[in-house]
Amino acid sequence: MRSRKLVHLPCLTPRFPNSSTHLSSAFSPKPPSVLATNVMKSYLEAGLVEEARTLFDEMPDRDVVAWSAMISGYTSCNRPTDAWATFRDMLPDVRPNDFTFSSVLKACKSMNSLPRGAVAHALALRHGFLGSIYVANALVDMYAACCRDMDSARAAFDEIGVKNSVTWTTLIAGYTHMGDGHGGLDVFRRMLLEDAELNPFNVSIAIRACTWIGSQSFGKQIHSTVLKHGFESNIPVMNSVLDMYCRCIGLNDADRCFDEMVERDIITWNTMIAGYEKSDPYKALRLYSSLMSQGLAPNCFTFTSVVAAVANIAILGVGEQLRGGIVRRGLEGDVGVANALIDMYAKCGIIASSCRIFEAMGRKNVVSWTSMMVGYGSHGRGEEAVALFNEMVESGVRPDRIVFVAVLNACSHTGLVDEGLRYFKAMVNAYGIAPDQEIYGCVVDLLGRAGRLQEAYELIEAMPVMPDESVWGAFLGACKAHKLAELGNIAASRVRPSVAGTYLALSSIYAANGEWGDFARIRKILRGMGSKKEAGRSWVEVKNKICSFVAGDKLGSNIDRVYEALHMLGLHIKHAQFNPDLQCLEDDLD
DNA sequence: CCGCCGATAA
């Protein structure tokens with residue numbers, strides 16, 4: 001059946017003999033497949049895959065060029081499975097060329113399919129195209145993306161006799177994307193030693209390798225390399241440099257770098273906002289409003305960072321405004337943006353809104369589930385968090401280390417001790433995730449809260465690495481809660497306390513037991529450290545204004561009404577026959 | 001007429 005659309009393309013109708021006389025004549029029309037392939041390409045560049053496919057199906061003589069265009073088009077339109085199917089369809093009739101193999105290898109990379117990649121490798125070898133630098137580079141990239149290690153990629157790289165700059169960039173990127181910054185930088189150094197050309201591509205990825213390592217000296221070295229080669233006007237390169245400054249060197253230097261940039265794009269601004277999101281959320285918000293006043297269009301990355309900034313200061317009014325901007329721009333379907341909103345609403349206390357967003361999501365990833373679970377957890381709804389975890393596993397999402405932190409915390413606060421221990425075992429045995437200090441801290445907290453301190457202590461003893469402050473902190477917290485001075489002492493003799501909070505926990509155990517001599521000793525050490533535990537701060541948002549206060553604060557003119565309300569609450573507590581632990585209040589009052 | 005590599009967020 002002919003597509004109606006194609007009737008309007010008269011160039012397709014006449015058939016030209018595929019003879020060289022036509023091609024040699026300067027004024028002769030080109031064979032129809034050339035024109036059709038060009039139109040196909042236009043469709044694919046516009047993302048109109050179906051239109052391209054219809055045209056492709058209508059072509060009378062599909063040569064290897066048309067097939068290759070279709071295959072690469074599918075891949076660039078995020079449909080690598082269709083690209084692979086098309087490749088299989090062409091094999092019986094049309095002999096693939098080097099273009100075909102570079103495209104199909106890229107499709108294998110996108111599918112993350114090593115078996116298919118290996119088949120493509122074998123076929124490329126049989127057809128004799130491994131000598132093509134394009135095919136060889138795509139092969140290195142495919143192995144780097146599809147294997148857990150870099151050995152196969154390295155082997156494919158070593159097979160390449162004459163390398164070009166893409167070959168080097170591919171290998172550096174392979175190491176760096178796996179998180180092996182040292183490996184990436186080693187290749188980069190070798191590249192410089194072999195006098196390979198330095199270009200914006202390989203410099204960018206080398207900067208990312210530095211960022212992974214977190215090395216200030218490498219970072220600054222590569223920044224001067226950037227300036228020496230005149231890449232300071234290349235925006236992607238400078239964005240990488242800026243990100244490196246944010247993560248490894250410091251925000252003041254990042255500020256200077258940002259000011260010195262001659263040209264900026266939305267990614268430049270996003271990098272800055274992301275850099276400030278945690279340490280200075282207000283500055284992140286100011287950056288957002290100045291990019292808006294310059295008429296730049298924020299994208300989903302902008303919103304994920306700026307919503308996260310709002311979550312950190314919990315100002316619901318601004319958060320709602322941002323959500324309006326997100327919906328207006330049609331970005332609410334973005335998974336990252338939705339995840340940030342779930343977290344923001346939860347931290348602003350509106351867990352129902354988190355729920356609504358979570359349930360409306362068409363696609364959820366492991367971060368979505370984690371954000372929702374953490375939200376439930378902080379609202380004292382541990383059972384729901386645990387239920388969500390099981391639902392997540394059933395829906396086929398593979399849990400990661402972070403989601404185990406969330407479910408263990410939920411179990412801990414809900415008293416689901418044995419269930420929590422089962423999750424801990426499943427994490428190690430079924431999912432092969434090695435527990436780190438944070439996870440051990442969670443399990444110690446889980447056992448400790450329930451009063452099972454003996455087990456908690458045995459777990460710490462069995463740890464394959466030195467337990468750090470977070471683990472001992474959880475243990476001391478449990479000793480404090482259960483007023484167990486002897487165990488606390490054992491823990492204290494083992495801990496290498498550098499954190500004021502550790503001493504503080506210890507001192508309150510002594511206080512609880514009336515051991516005032518030890519109490520005074522610890523308090524003296526604490527004073528000598530000069531580092532104070534940050535005072536617990538509460539705040540409430542009233543009519544777009546945030547009122548923040550600490551224990552013992554004088555709240556100005558409204559103080560009498562606050563104490564009146566407090567008195568009423570006290571009566572309610574008494575009425576409910578709840579016996580508060582006043583000891584723990586005293587810790588925060590000093 | 002068709003091809004390989006780079007930068008931002010959770």
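Chain identifiers are assigned alphabetically (A, B, ...) following the order of the sequence lines, protein sequences preceding nucleic acid strands; residue numbering begins at 1 within each chain. Worth knowing before you read on, the calculation uses all heavy atoms, side chains too, and leaves out hydrogens, waters and symmetry mates.
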Taking the side chain of N38(A) as its heavy atoms from C-beta onward, which of dC2(B), dG6(B), dC1(B) lies nearest to it?
dC1(B)

Does anything in residues 157-172 of chain A come within less than 4.0 Å of DNA chain B? Heavy atoms only, and list the residues if so.
V166(A), T169(A), T170(A)

Within this structure, what is the CD-to-C1' distance between E332(A) and dA9(B), rounded to whole angstrom?
18 Å

Please say whether the positively charged group of R148(A), taken as NZ for Lys or CZ for Arg, lies over the ring of Y143(A), i.e. under 6.0 angstrom from the six-membered ring centre and within 45 degrees of the axis.
no

Taking S103(A) as the fixed residue, which of T86(A), D98(A), I71(A), V135(A) is the one that meets the side-chain contact (heavy atoms from CB on, under 4.5 Å) rule?
I71(A)

D343(A) atom CG is separated from dA10(B) atom C1', nearest whole Å, by 9 Å

DNA chain B contacts among residues 185-198 of chain A, heavy-atom distance under 4.0 Å:
none

Min side-chain heavy-atom separation W369(A)-S395(A) under 4.5 Å
yes

S305(A) vs N270(A) side-chain heavy atoms within contact, under 4.5 Å:
no

Strictly under 6.0 Å, is that where the ring centroids of Y134(A) and F129(A) end up?
no

Please give, in whole Å, the distance from dC1(B) P to E45(A) CD?
13 Å

Which nucleotide, dG6(B), dA9(B), dC1(B), lies nearest any side-chain atom of T304(A)?
dA9(B)

Y74(A) atom OH is separated from dG3(B) atom P, nearest whole Å, by 16 Å

May I ask whether Y134(A) stacks on the base of dC4(B), given the cut-offs of 5.5 Å between ring centres and 30° between planes?
no

Less than 4.5 Å apart, side chain to side chain, heavy atoms only: is that true for V119(A) and W84(A)?
yes

Between E50(A) and R79(A) (salt bridge meaning N to carboxylate O under 4.0 Å), is one present in this structure?
yes

Would you mind classifying the nucleic acid contact of D98(A) as base, sugar-phosphate or nothing, using non-hydrogen atoms under 4.0 angstrom?
base

Sequence-distant partners of L125(A), side-chain contact (heavy atoms from CB on, under 4.5 Å), two or more places apart
L130(A)

OP1, OP2 of dA10(B) versus side-chain N and O of R363(A): anything below 4.0 Å?
no

Whole angstrom value for the distance that separates P of dC1(B) from CG of N97(A)
14 Å

For the side chain of F201(A), counting heavy atoms from C-beta on, which of dC2(B), dG3(B), dG6(B) is nearest?
dG6(B)

Tell me the interatomic distance from R264(A), atom CZ, to dA7(B), atom C1', rounded to whole angstroms.
17 Å

Regarding R264(A) and the six-membered ring of F258(A), is the cationic atom NZ or CZ under 6.0 Å from the ring centre and inside 45° of its axis?
yes

Let's test your reading of the model: under 3.5 Å, does the base of dG6(B) pair with the side chain of N202(A) as donor and acceptor?
no

Measure CD1/I71(A) against P/dC4(B) and give the value in whole Å, please.
12 Å

Ion pair check, R323(A) and E320(A), cut-off under 4.0 Å
yes

For R247(A), answer base if it contacts any base atom (sugar-phosphate contacts may also be present), sugar-phosphate if it contacts only those atoms, and nothing otherwise; contact means non-hydrogen atoms under 4.0 Å.
sugar-phosphate

Nearest of dG3(B), dG6(B), dC1(B) to any side-chain atom of F99(A)?
dG3(B)

H177(A) side chain, from C-beta outward: closest of dA7(B), dG3(B), dC1(B)
dA7(B)

With a 4.0 Å cut-off on heavy atoms, is N339(A) in touch with a base, just the backbone sugar-phosphate, or nothing at all?
nothing

CG of N365(A) versus C1' of dA10(B): gap in Å, rounded?
7 Å

Between dG3(B) and S132(A), counting only base atoms on the nucleotide and side-chain atoms on the residue, is there a donor-acceptor pair under 3.5 Å?
yes

Please pick, from dC2(B), dC1(B), dG6(B), the nucleotide with the shortest atom-to-atom distance to any side-chain atom of T37(A).
dC1(B)

With sugar-phosphate meaning primed atoms plus P, OP1 and OP2, does I267(A) contact a base, only sugar-phosphate, or nothing at under 4.0 Å between heavy atoms?
base

Which of parallel (below 30°), tilted (30 to 60°) and perpendicular (above 60°) describes F101(A) and H127(A)?
tilted

Between dA7(B), dC4(B), dA9(B), spot the one nearest the side chain of P236(A), thanks.
dA7(B)

For dC4(B) and K106(A) - does any side-chain N or O of the residue sit under 4.0 Å from the phosphate oxygens OP1/OP2?
yes

Would you indicate what K109(A) reaches in the nucleic acid, counting non-hydrogen atoms under 4.0 angstrom: base, sugar-phosphate, or nothing?
sugar-phosphate

Within the 4.0 Å heavy-atom criterion, would you say A274(A) contacts the bases, only the backbone, or no part of the nucleic acid?
sugar-phosphate

